[in-house]
Amino acid sequence: MKIYLILFLMLLNLSCAALMNGQEQPVELIDSKANIYNTTCSGMAETFGTCHQKAKRTCKQGYQVLNENLDSSGIHREIRFQCK
């Protein structure tokens, strides 16, 4: 019985690691003159923190969040941000 529990936990750990190494959702330029971008961080493996990390990588001088959306399921997250 213990061996099955250990195998199950190992499989669960590998599954979560595979989800975290999946393809990242892109950052989309909405308005080039105002430097406004939109990105999603949907799914079980991503959080709003993932969206903010993408915004930090996109805007080297910092950014301002214009809008954060979370749908009723709690799985689809999206932010719109503007580079400073």
Side-chain angles (χ1 to χ4, degrees):
M1 182 71 166
K2 271 188 177 179
I3 190 75
Y4 292 117
L5 179 61
I6 291 170
L7 289 174
F8 174 74
L9 292 174
M10 286 176 56
L11 180 63
L12 183 64
N13 189 27
L14 290 172
S15 299
C16 290
L19 284 174
M20 292 304 291
N21 292 326
Q23 186 175 4
E24 190 173 85
Q25 298 168 20
V27 175
E28 179 184 1
L29 179 63
I30 301 295
D31 184 344
S32 60
K33 289 184 181 183
N35 281 331
I36 297 175
Y37 296 85
N38 192 60
T39 189
T40 59
C41 42
S42 300
M44 298 300 287
E46 293 189 297
T47 65
F48 272 120
T50 308
C51 280
H52 288 282
Q53 288 173 355
K54 290 191 274 186
K56 286 178 188 176
R57 283 195 309 261
T58 303
C59 304
K60 302 300 182 196
Q61 304 298 320
Y63 66 97
Q64 175 183 2
V65 175
L66 302 176
N67 193 13
E68 282 188 351
N69 288 323
L70 177 64
D71 74 351
S72 61
S73 71
I75 294 177
H76 182 77
R77 292 168 290 279
E78 174 180 279
I79 69 168
R80 183 166 291 187
F81 60 94
Q82 182 176 28
C83 293
K84 294 182 179 178

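All residue numbers in this chain count up from 1 along the given sequence. Treat the numbers as computed from the prediction; the structure is a model and nothing was measured.
- No option in Ile79, Thr50, Thr58 other than Ile79 meets the side chain to side chain contact (heavy atoms under 4.5 Å, CB included) test with Thr39.
- For Tyr37, the ring pair (Phe, Tyr, Trp, His ring centres under 6.0 Å) partners at least two apart in sequence or on another chain are Phe81.
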Give every donor-acceptor pair under 3.5 Å between a side-chain atom in residues 64-71 and any protein atom, sequence neighbours left out.
residue : atom : partner : partner atom : Å
Glu68   : OE2  : His52   : NE2          : 2.9
Asp71   : OD1  : Ser73   : N            : 3.3
Asp71   : OD1  : Ser73   : OG           : 2.8
Asp71   : OD1  : Gly74   : N            : 3.0
Asp71   : OD1  : Ile75   : N            : 3.4
Asp71   : OD1  : His76   : N            : 3.3
Asp71   : OD2  : Ser73   : OG           : 3.0

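- Taken from CD in Gln82 to CD1 in Ile30, the straight-line distance is 12.5 Å, to the nearest 0.5 Å.
- Distance alone, capped at 3.5 Å, is enough to place a donor-acceptor pair between the Lys54 side chain and the Thr40 backbone.
- Hydrophobic clustering (side-chain heavy atoms under 4.5 Å, transitive across Ile, Leu, Val, Met, Phe, Trp, Tyr) keeps Ile36 apart from Tyr63.
- Rounded to the nearest 0.5 angstrom, Cys83 SG and Lys60 NZ are separated by 10.0 Å.
- Going from atom CZ of Phe48 over to atom CD of Gln53 covers 14.0 Å, rounded to the nearest 0.5 Å.
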